[in-house]
Trainee: 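Just passing along the structure, written as structure tokens.
Throughout, a chain's letter reflects where its sequence line sits, starting with A, and its residues are numbered from 1. Any value given below was found using the heavy atoms of this structure, including those in side chains, with hydrogens, waters and symmetry copies removed.
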Amino acid sequence: MNDSLRVVLAMMELELRRLRNDRTEVYTRAVQPVLWLVVFGTVFSEIHAIPTNGVPYIDFITPGVMLQSVLFVAVLYGLTLVWERDTGILKKLLVAPASRYATVIGRSMSSGVRAIIQVLIVIPVALLLGVRFIPNPAYFVAALAILFVISGGFAALSIIVASLLKTRERFMGIGQALILPLFFASNALYPIALMPHALQLVAAFNPLTYAVDAVRGLMITGNLALLPLDVAVIAFFDILMFAVASLSFRKIIE
Amino acid sequence: MTFAIATRGLKKVYKGSVEALAGVDLDVKAGDIFALLGPNGAGKTTLMRILTTQFKPTSGEAHIFGLDVVREGAEVRKVIGYVPQETSVWSDINGYENLLIYAKIYGLPSRSRKEVIYDMLESMGLRAVAGQLVKNYSGGMIRKLEIACAMLIRPKILFLDEPTLGLDPAARIAVWEKLTSFKEEFGTTVFFSTHYMDEANAYSDEVAIINVGRMVTSGTAEELKHSLRGELIKFSLSDRRVDEHTLGRIRGLERVNSVVVTDSTLNVTVEDAETALPGVMDVLRSGEISVVRIATTKPTLDDVFLRYAGTMRGSGAGARTTGRVEGEAGGNRRE
């Protein structure tokens, strides 16, 4: 167990060191969430089209936009693995004395490192737009933890896709096709109650819905009624994804 | 005696029924530098990836220092180092960081970690560039860094898949000096595949040639060259032509394979030039033929390679002898 933790931490450290040497990706990836907040958020705040229980619309979607950013980083993390597959890095990692579970969880949680940094860029923009966060450090840290953990689950999903598709071109197609439905079939931009019944059903099975609810409760509304359910669903999703990804991981190099 | 590598009947059939390995038997002695030669697509990389536990063989078995690569993969991974053919370091961090991450993945104790890394950088001649991003390294520097990563844990055996591909001659020599020093200093077994016959000839203790998924021959480079029994003695003669009677006598000598005469040169192919030469000289002298100059040419490893693996895939390769080279030259190691 100790050995596995060490491998996971080493891989997260690797991600931080890579980020330190090249920050451009952090900034380019911040453009999209910032546009969602600045353009979509402010416009829809003005027209009051979506009932949000008295919360300003821009405040309502801030957690959704954060999670969209996390989702992007995580789902496209598989691309890193496809690149590492084309080089000899994955082969060498598989020959290292680390369990494949540790390798898979380590790589997945590496995307969490990147995701948290994206989120930390969105927050000051949201503050400038007048979003009011709950001023409770414990809630704030808990929200970041949720974002970090759910990112790992989505990155593991991405590893599964990468190990089945294996090439960059095929992966890019599916990557986009995963992100958008997950994002729109969730409560990120509108309450689930507004959706058609079929879509509501999809949203109920979408782990993003539970992550948005948890982060929204912890950062904006303070409504933590469903937090235990949210945490349970996210934990279940992560464990399931880690397990499947560990099984499919070796396929990536074949 | 426990072999560093021992395989029996190793087979690998890929999806779509491509038979990459067709039953490989291989023994590699501990502490040897072992060269695996073979044409593209012969199964070299497949063999190496099975031995390094990346995937399982379809049938047959393989042991690394007595550990089964399928059932004891985790134990095998603790004693092996591996440098794949493709670049296997992260290019967006520096050389020191690459070693640091691997040191942490491999669980080197944190007290000695820094020291071990700097020793390794020093010994590979990378100390001065340790702080530079790897994307600015030359091909030779990257290869040395990869070997450094693989050697961090002082593996008992180091696997290298075409370690000097694309390197300039100076970098190739530098890489081989390091690999040879690991063998001498730590007794590391080195198992490598290559297309460079000169490297196999100069640095390996033993050579094996694989073709169409089978081992076609193995032995020391000297044994293999000798096995061709095709050394050439070239006599430059003063103007007098050689009469048929003398030619017939030379042909009749033991261990003479062929005799060809052109204007003033006599080419005699023999099994072993050193032992055959006196006999041929006697015949020439008794025929009163004066010799101006004698040159002998021995087969190179290239000739061995072409002989055993020169045919195209599938053209009767299975019919070739697959045994080890026995023979008079046993124990006659490389200079």
Side-chain angles (χ1 to χ4, degrees), chain A residues 1-26 79-107 109-110 113-114 163-164 166 247-254, chain B residues 12 14-15 45-46 48-49 51-56 69 73-94 96-98 100-110 113 131-136 142-143 146 149-150 152-153 155 158-162:
Chain A
M1 193 59 221
N2 238 344
D3 285 357
S4 299
L5 186 64
R6 192 192 65 229
V7 171
V8 172
L9 289 176
M11 287 177 175
M12 284 164 55
E13 180 182 342
L14 166 69
E15 210 58 35
L16 274 175
R17 288 179 180 273
R18 298 169 89 172
L19 274 172
R20 202 179 57 180
N21 289 323
D22 184 7
R23 298 195 188 92
T24 41
E25 201 182 311
V26 173
L79 271 184
T80 309
L81 289 191
V82 172
W83 174 76
E84 289 186 352
R85 170 184 180 271
D86 293 341
T87 66
I89 291 173
L90 279 190
K91 291 179 194 163
K92 196 149 98 175
L93 281 179
L94 284 173
V95 170
S99 80
R100 60 186 171 178
Y101 301 100
T103 308
V104 164
I105 294 173
R107 301 307 283 175
M109 293 329 280
S110 296
V113 172
R114 274 183 189 260
S163 56
L164 296 176
K166 296 176 187 170
L247 292 176
S248 72
F249 187 53
R250 254 167 201 276
K251 282 208 187 78
I252 195 170
I253 59 151
E254 277 173 9
Chain B
K12 177 71 186 178
Y14 287 115
K15 266 177 257 164
T45 300
T46 300
M48 198 162 293
R49 292 178 71 183
L51 294 176
T52 53
T53 76
Q54 292 175 57
F55 47 67
K56 291 174 184 148
V69 296
E75 295 303 307
V76 170
R77 287 192 278 275
K78 284 181 190 159
V79 299
I80 64 176
Y82 170 59
V83 180
Q85 198 173 322
E86 309 89 347
T87 306
S88 63
V89 284
W90 287 285
S91 57
D92 47 6
I93 55 177
N94 66 38
Y96 173 81
E97 288 174 319
N98 264 286
L100 182 70
I101 296 297
Y102 271 110
K104 288 184 175 179
I105 290 172
Y106 276 97
L108 259 62
S110 56
R113 198 158 52 209
Q132 283 181 30
L133 291 186
V134 172
K135 65 175 87 163
N136 301 324
I142 287 178
R143 237 327 97 99
E146 286 166 345
C149 287
L152 267 183
I153 52 157
L158 186 58
F159 289 91
L160 304 123
D161 200 350
E162 302 198 24

Trainee: So, using ring-ring contact (aromatic ring centres under 6.0 Å, His included) as the criterion, who are the partners of A:Phe249 when residues are at least two apart?
Mentor: none
Trainee: Sort B:Tyr102 into side chain, backbone, both or neither according to what part of it lies under 4.5 angstrom from a heavy atom of chain A.
Mentor: side chain
Trainee: Would you mind checking which part of B:Leu133 comes under 4.5 Å of any heavy atom in chain A, side chain (CB onward), backbone (N, CA, C, O), both or neither?
Mentor: side chain
Trainee: Can you tell me which of B:Phe159, B:Tyr14, B:Phe55, B:Tyr106 forms the most heavy-atom pairs within a distance under 4.5 Å of chain A?
Mentor: B:Tyr106
Trainee: If you tally heavy-atom pairs under 4.5 Å against chain A, which of B:Gln54, B:Glu146, B:Lys15, B:Lys78 wins?
Mentor: B:Gln54
Trainee: Looking at A:Thr87, A:Val7, A:Leu14, A:Leu9, which has the largest count of heavy-atom pairs under 4.5 Å with chain B?
Mentor: A:Leu14
Trainee: Looking only at heavy atoms and a cut-off of under 4.5 Å, which of B:Val76, B:Ile80, B:Asn94, B:Val89 has the most pairs with chain A?
Mentor: B:Val89
Trainee: Give the minimum heavy-atom separation between B:Leu51 and B:Val69, together with the two atoms involved.
Mentor: O-CG1, 3.7 Å
Trainee: Under 3.5 Å, is there a donor-acceptor pair between the B:Trp90 and A:Glu84 side chains?
Mentor: yes
Trainee: Is the shortest distance from a Lys or Arg side-chain nitrogen in B:Glu97 or A:Arg18 to a carboxylate oxygen in the other one below 4.0 Å?
Mentor: no
Trainee: Roughly how far apart are A:Arg107 CZ and A:Glu15 CD, rounded to 0.5 Å?
Mentor: 6.5 Å
Trainee: Which atoms of B:Ile153 are under 4.5 Å from chain A, going by heavy atoms: the side chain, the backbone, both sets, or neither?
Mentor: neither
Trainee: Say whether B:Ser88 and A:Lys92, considering side chains only, have a donor N or O and an acceptor N or O under 3.5 Å apart.
Mentor: yes
